[in-house]
Amino acid sequence: MRYSKAFVPTLKEVPADAKVDSHVFMIRGGYIRQVAAGVYNFLPLGWRVIQRIETIVREEMDRAGAQEILMPAAIPAELWQETGRWQKYGPELLRFKDRHGADYCFGPTHEEVVVDLVRRELKSYRELPTNLYQIQGKFRDERRPRAGLMRGREFIMKDAYSFDVDAESAAKSYDSMYAAYKRIFARCGLDFRPVEADTGSIGGAKSHEFQVLAESGEDNIVACDTCEYAANVEQAAIRAASEPGIQGGGELSKVSTPGKKTIADVAAFMKIAPSSLIKSLVYMADDKAIMVLLRGDRSLNEIALKKLTGATELFPAREGQLQKATGGPVGFVGPVGVDMPVYADMELKGASGAVVGANSMDTHLSGVDLARDVKVTEYVSLRQAEPGEPCARCEGHYVSYKGIEVGHVFSLGTVYSQPMNCSFLDENGKSQIAVMGCYGIGITRIAAAAIEQNHDKGGIIWPMSIAPYEVTVLPLQTNDEEVVRAANELYESLLDQGVAVLLDDRDERPGAKFKDADLIGVPLRIAIGKRSLGEGTLELKWRRESESSNIPAQGAAQAIAKLVADEKARLRGAGA
RNA sequence: CGGGGUGUAGCGCAGUCUGGUAGCGCACCUGGUUUGGGACCAGGGUGUCGGAGGUUCGAAUCCUCUCACCCCGACCA
């Protein structure tokens with residue numbers, strides 16, 4: 001591409017709306033433009049990146065034996081009603097009516113559609129296993145879209161669905177996708193980690209997320225420093241404590257704690273550690289109040305609570321609801337004498353000598369013995385794993401990371417195939433339900449995650465495999481015939497070699513060209529100027545390095561093409 | 001959904017408190033000089049002041065309603 005003809009509107013100034021690096025650089029570099037909250041146009045550079053990511057995904061999915069299809073974005077409500085998700089999915093599902101008044105939704109995921117497709121055709125076990133995938137624009141009406149492509153409402157996703165005869169075969173399909181995902185993310189040049197995860201509203205038995213490690217990530221991950229175990233904190237296993245998390249003993253007595261509403265305030269006031277307090281949380285589970293008890297220094301794992309209660313809607317009680325349920329004010333909530341289910345974290349089993357709220361203004365209770373003073377409904381593991389604590393699987397300890405979820409693989413079992421009756425006849429002529437898996441990749445999110453991991457103050461530093469252009473050629477003096485001729489020749493030769501090359505033939509000063517090249521982030525830059533051309537050399541610089549080197553002008557195209565190919569091969573090798 | 005904030009030129013912003021007929025930087029257009037890290041000089045204004053209603057002789061500015069976007073939290077494949 002000749003830059004003079006390209007639609008690449010770069011910006012010197014940082015747009016006011018963008019806070020995250022990947023968002024800032026995608027706008028400044030002329031990759032995307034916003035249309036509405038969480039909805040973007042992809043400009044030529046942005047679209048080239050997306051297409052290159054899609055190509056890698058297609059190659060690896062095809063290699064793993066999956067077949068590409070395309071399902072509709074507009075889905076009739078009946079399919080979603082069949083699985084009950086029309087009711088369950090909530091306001092994230094964008095719903096609308098056609099001219100006849102029939103209900104539709106814009107597909108945020110396609111289990112219903114693919115199962116409907118397969119169940120109509122599937123007859124025999126001989127047709128399995130099969131794996132169908134698509135790359136498609138999805139829409140999820142996020143409450144709060146943010147950070148550009150990291151969390152948009154409309155985004156591009158690759159979703160795949162496997163169908164197997166039994167659980168054993170389904171496990172093989174799962175493993176094959178897991179392996180394909182590792183190759184895909186490695187080829188995209190990402191530093192990532194597969195972690196055990198919650199299955200969320202998709203449902204099913206086991207799942208892994210593929211997390212790109214980045215400070216700006218929204219997900220919290222813990223990984224063991226010794227074994228291979230890594231998990232989302234929503235899911236992370238916690239090693240059973242060998243003794244109660246709070247031990248003190250003593251008599252139950254009232255303590256005056258005027259104005260001390262938080263764990264930190266009470267601990268400081270009473271001169272004890274926050275870990276000697278019990279945190280009492282009141283949640284509304286489908287309009288029923290429940291209480292959760294945790295050690296004062298721990299955080300609730302809401303996913304675990306949701307699983308425990310089976311509630312569709314679960315949120316912290318508002319002030320009025322809380323007062324009604326406990327009879328006391330916010331800040332002094334406690335479990336002694338309350339009339340509602342009380343779930344205590346496993347760590348509190350046998351706890352004594354603890355401090356809790358007294359359900360009356362400016363008062364706490366000390367010397368609480370859970371077994372003696374509180375009617376605990378059940379002891380369950382309800383807290384989040386924390387960095388530094390012992391690994392549940394080995395003798396190591398947890399380390400915490402921030403991650404961007406770019407892929408997720410689910411072992412679904414029959415949660416969709418059963419209610420939708422997706423069946424086949426086995427060897428004995430007996431009807432069986434297909435065992436499923438589903439596998440997602442956020443194509444547009446990969447682009448954002450790659451930038452989060454690969455940038456500096458000046459702009460993006462693309463991995464070779466997904467860069468919009470692999471090489472950029474900069475003629476530094478556009479009024480110098482020799483320079484222009486050499487640049488044009490190199491440009492044509494690189495095109496002949498199959499290299500994706502951007503020729504900056506604009507009548508701009510060298511400084512402007514360097515700045516734009518850095519911003520756009522093309523991995524390899526060839527500067528052609530009077531200075532070096534006189535000595536028969538060109539200046540080659542990797543975007544990721546600070547120093548340039550000179551290469552002979554003679555045969556430069558072949559040498560550059562080889563560097564590009566070697567770099568892509570290196571990334572490919574990383575996933576093997 | 002709760003809390004906070006912002007809408008004025010393509011982009012970044014000032015002007016709003018205290019009402020008086022819209023401005024700065026960058027970008028852009030014309031001419032000239034420049035050319036190895038976002039050049040300089042001269043000239044040019046490109047605007048339903050987010051929208052609707054109201055108060056007023058007069059509204060970017062005051063009042064009411066409304067829309068959009070951003071941030072924090074909650075929520076979430």
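Every chain is numbered from 1, with letters handed out A, B, ... down the list of sequences. These numbers come from the heavy atoms of this one structure, side chains and all, not from hydrogens, waters or symmetry mates.
A tilted orientation is assigned to the rings of A/His455 and A/Phe25, their planes being inclined by 30° to 60°. The aromatic rings of A/His408 and A/Phe410 sit parallel to each other, their planes meeting at less than 30°, with 60° as the upper class boundary.
Checking B/rU48 for Watson-Crick or G-U wobble geometry (two distances, each under 3.5 Å) identifies no partner in any strand. Here B/rA77 sits opposite no nucleotide as a Watson-Crick or G-U wobble pair (both hydrogen-bonding atom distances under 3.5 Å). When both pairing distances are held under 3.5 Å, B/rG43 makes a Watson-Crick or G-U pair with B/rC29. When both pairing distances are held under 3.5 Å, B/rU6 makes a Watson-Crick or G-U pair with B/rA68. Nucleotide B/rC24 has B/rG12 as its partner under the Watson-Crick or G-U criteria, with both atom distances under 3.5 Å. Across all strands shown, B/rC17 forms no Watson-Crick or G-U wobble pair with both distances under 3.5 Å. When both distances must be under 3.5 Å, the Watson-Crick or G-U wobble mate of B/rA59 does not exist.
With rounding to whole Å, A/Arg153 atom CZ is found 15 Å from B/rC75 atom C1'. Summarising the geometry, the separation between CD on A/Gln211 and P on B/rA77 is reported as 13 Å, rounded to the nearest angstrom. A straight line from CZ of A/Arg85 to C1' of B/rC76 spans 13 Å, rounded to a whole angstrom. Summarising the geometry, the separation between CZ on A/Arg140 and P on B/rC75 is reported as 18 Å, rounded to the nearest angstrom. The CD atom of A/Glu92 sits 5 Å away from the C1' atom of B/rC76 (whole-angstrom rounding). Rounded to a whole Å, the CD atom of A/Gln34 is 10 Å from the C1' atom of B/rA68. Rounded to whole Å, atom C1' of B/rC75 lies 13 Å from atom CG of A/Asp141. When rounded to the nearest whole Å, the span between CG of A/Leu11 and C1' of B/rG12 equals 10 Å.
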Protein-nucleotides 2-7 of chain B N/O pairs under 3.5 Å:
none

Dump every N/O contact between nucleotides 32-36 of chain B and the protein below 3.5 Å, one line per pair.
residue	atom	partner	partner atom	Å
B/rU34	O2	A/Arg509	NH1	2.9
B/rG36	O2'	A/Arg531	NH2	3.0
B/rG36	N7	A/Gln477	NE2	3.3
B/rG36	N1	A/Glu539	OE1	3.3
B/rG36	N2	A/Glu539	OE1	2.5
B/rG36	N2	A/Glu539	OE2	2.9

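Shortest non-hydrogen contact noted between A/His110 and A/Pro72 is NE2-O, 2.8 Å. Between A/Asp191 and A/Gln453, the shortest heavy-atom distance links the atoms O-NE2, 2.7 Å.
Around the CD atom of A/Glu215, the shell of radius 6.0 Å holds no more than 12 heavy atoms that belong to other residues, nucleotides or ligands.
With C1' as the reference atom, B/rU46 and B/rC41 are 22 Å apart, rounded to whole Å. B/rC28 and B/rG19 are spaced 40 Å apart, taking the P atom of each and rounding to whole Å. Nucleotides B/rG25 and B/rA68 have their C1' atoms positioned 26 Å apart, rounded to a whole Å. Nucleotides B/rG32 and B/rU48, compared at atom C1', are 38 Å apart to the nearest Å. Atom P of B/rC63 sits at a distance of 15 Å from the matching atom of B/rU55, rounded to the whole Å. When the C1' atom is compared between B/rG12 and B/rA52, the two are found 29 Å apart, to the nearest whole Å. The P atoms of B/rG7 and B/rC13 are separated by 9 Å, rounded to the nearest whole Å. Between B/rG23 and B/rC49, the two P atoms lie 14 Å apart (nearest whole Å).
In the set B/rG38, B/rC76, B/rG25, the nucleotide with an atom closest to the side chain of A/Ala512 is B/rG38. For A/Lys12, counting side-chain heavy atoms from C-beta on, the closest listed nucleotide (B/rC76, B/rA27, B/rA77) is B/rA27. The side chain of A/Arg143 sits closest to B/rC1 out of B/rG25, B/rC1, B/rC71. Taking the side chain of A/Glu142 as heavy atoms from C-beta on, and the options B/rC76, B/rG25, B/rC71, the nearest nucleotide is B/rC76.
Remark: A/Asn131 pairs with no residue by the side-chain hydrogen bond (donor to acceptor under 3.5 Å, both in side chains) rule, at least two apart or across chains. Considering only residues two or more places apart in sequence or on other chains, A/Glu508 meets the salt bridge (Lys or Arg N to Asp or Glu O under 4.0 Å) condition with none of them. Legend: residues meeting side-chain hydrogen bond (donor to acceptor under 3.5 Å, both in side chains) with A/Ser22, ordered by chain and number and at least two apart, are A/Glu452.
Of the two residues near RNA chain B, A/Lys513 and A/Phe155, the one whose nearest nucleotide lies more 5' is A/Lys513. RNA chain B is contacted by both A/Asp17 and A/Lys515; A/Lys515 maps to the nucleotide lying nearer its 5′ end (nearest heavy atom per residue).
Taking the side chain as every heavy atom from C-beta outward, A/Lys513 and A/Pro475 approach each other to under 4.5 Å.
Two rings, from A/His208 and A/Phe210, have their centers 6.0 Å or more apart. Between A/Phe106 and A/Trp80, a ring centre-to-centre spacing not shorter than 6.0 Å is recorded.
Using a 4.0 Å heavy-atom cutoff across all strands shown, A/Asp518 reaches at least one base atom of the nucleic acid. Using a 4.0 Å heavy-atom cutoff across all strands shown, A/Lys19 reaches sugar-phosphate atoms only and no base atom.
For A/Arg146 against B/rC70, no side-chain N or O and base N or O form a donor-acceptor pair under 3.5 Å.
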Contacts table for residues 516-524 of chain A: side-chain donor-acceptor under 3.5 angstrom, sequence neighbours left out:
residue	atom	partner	partner atom	Å
A/Asp516	OD1	A/Thr10	OG1	3.0
A/Asp516	OD2	A/Arg506	NH1	3.2
A/Asp516	OD2	A/Arg506	NH2	3.1

